[in-house]
Protein chains: 2
Amino acid sequence: MDVEDWKSQIKRGSLEFCILLLIKQRPYYGYEIISVLEEYPIVAAKENTIYPLLRRLLKGEYISSSWQESTEGLPPRKYYTITEKGNDYLNAMSLEWDNLLTAISEIKGALNHG
Amino acid sequence: MDVEDWKSQIKRGSLEFCILLLIKQRPYYGYEIISVLEEYPIVAAKENTIYPLLRRLLKGEYISSSWQESTEGLPPRKYYTITEKGNDYLNAMSLEWDNLLTAISEIKGALNHG
DNA sequence: TAGGGGTACTGTGTTGTACGATGTATGTGT
DNA sequence: ACACATACATCGTACAACACAGTACCCCTA
């Protein structure tokens with residue numbers, strides 16, 4: 001039970017949130033998502049985490065996917081797009097996220113306010 | 001897989017963070033912690049979640065405990081105090097928490113910056 | 001005497017996610 | 001031949017939150 005363990009606990013939920021935040025902006029393919037998240041160690045995750053997560057989101061119809069050929073002999077890519085249901089879900093998550101930030105900041109200040 | 005599920009995922013790690021943030025300020029007893037967290041639905045949790053969590057923190061020596069008599073015939077209370085190790089742990093968590101907030105805010109703005 | 005609230009704790013089992021390990025395929029570079 | 005990057009995938013495990021259900025004790029009130 002050290003900080004590394006805690007970091008992997010924190011990713012629970014945060015990862016899903018980050019991925020939907022990304023895909024909301026434009027279609028991303030799996031490997032690309034992994035690369036983007038790699039820039040932020042706190043939410044970095046490998047294939048064995050991201051692909052199952054994407055499959056879960058697909059299954060829940062929060063995102064949809066479509067294959068697209070790559071130029072220059074690269075393997076084809078599976079692009080993910082957010083659905084309307086996914087957008088609703090993301091909005092609900094954003095609200096709860098704000099609640100969490102509020103809770104933490106009030107808890108931090110508990111001494112001063114009673 | 002709805003927002004309720006996501007909320008319980010988000011609690012992983014956040015709960016531990018909140019409890020250490022609380023206890024850092026002054027000693028709290030278990031029932032008191034549960035009551036305080038109840039005010040924030042996003043981090044609210046019942047006995048069967050909080051007590052095992054406190055036991056984990058005790059076992060890892062992030063907190064220590066001591067019994068104290070209550071006035072007016074109330075049952076004695078077990079007060080939890082943060083240890084030095086717990087403080088170090090909490091500081092490390094705070095850093096990672098900031099990293100998470102930064103990551104999310106940058107991911108939200110990915111369209112505008114590249 | 002029955003019920004409710006404060007206070008601490010235990011046990012069993014389910015669920016869901018991160019993650020370690022591993023596999024499959026293609027193309028490029030050495 | 002071998003490593004490395006791109007790209008997607010599966011299997012199994014560990015662990016925290018949590019549902020549900022208890023034990024035990026003391027006080028106060030209806």
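Labels below follow one simple rule: chain letters A, B, ... track the order of the sequence lines, proteins then strands, and each chain is numbered from 1. These numbers come from a predicted model, not from an experiment.
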Rounded distance (Å) that lies between atom [atom2] of [N] and atom [atom1] of [X]:
X	N	atom1	atom2	answer
B/W67	D/dC25	CH2	P	13 Å
B/I10	C/dT15	CD1	P	22 Å
B/L57	D/dA16	CG	C1'	12 Å
A/E69	C/dG27	CD	C1'	15 Å
B/E47	D/dC18	CD	P	13 Å
B/Y31	D/dC26	OH	P	18 Å
A/L53	C/dC19	CG	C1'	12 Å
A/L54	C/dG16	CG	C1'	16 Å

Taking atom [atom1] of [X] and atom [atom2] of [Y], what is their separation to the nearest 0.5 Å?
X	Y	atom1	atom2	result
B/L57	B/Y89	CG	OH	7.5 Å
A/R55	A/I63	CZ	CD1	11.0 Å
B/L15	B/L37	CG	CG	6.5 Å
B/I82	B/S64	CD1	OG	9.5 Å

Per [X] side chain, nearest of listed nucleotides [options]:
X	options	value
B/P75	D/dC18, C/dG6, C/dA18	C/dG6
A/S8	D/dT10, C/dA18, C/dG6	C/dA18
B/L15	D/dT6, C/dA8, D/dA17	D/dA17
A/R77	C/dC19, C/dC9, D/dT6	D/dT6
A/Y51	C/dA18, D/dA17, D/dA9	D/dA9

Considering every strand and a 4.0 Å limit on heavy-atom distances, what is the contact class for [X]: base, sugar-phosphate, or nothing?
X	result
B/E16	nothing
A/R55	base
B/W6	nothing
B/Y80	sugar-phosphate

| request: Verify the contact: side-chain N or O of A/K11 to OP1 or OP2 of C/dC19, cut-off strictly under 4.0 Å; return yes or no. | output: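 Yes, within the criterion.
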| Under-4.0 Å side-chain N/O to phosphate OP1/OP2 contact, A/K78 with D/dA9 |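 A/K78 to D/dA9 OP1/OP2: side-chain N or O found under 4.0 Å.
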| query | Would A/E84 and A/Y62 count as having a side-chain donor-acceptor pair, cut-off 3.5 Å? | reply |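 Per modelled atom types, A/E84 and A/Y62 side chains form no pair under 3.5 Å.
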| Can a donor-acceptor pair under 3.5 Å be found between the side-chain atoms of B/N48 and the base atoms of D/dA17? | no
| request: Return the orientation label for the B/Y29 and B/Y79 ring planes: parallel under 30°, perpendicular over 60°, tilted otherwise. | output: perpendicular
| note | Comparing A/R12 with B/P52, nearest DNA chain D nucleotide closer to 5' gives the residue A/R12
| message | Which is more 5' along DNA chain D, the nucleotide nearest A/Y29 or the one nearest B/T49? Just name the residue. | response | A/Y29
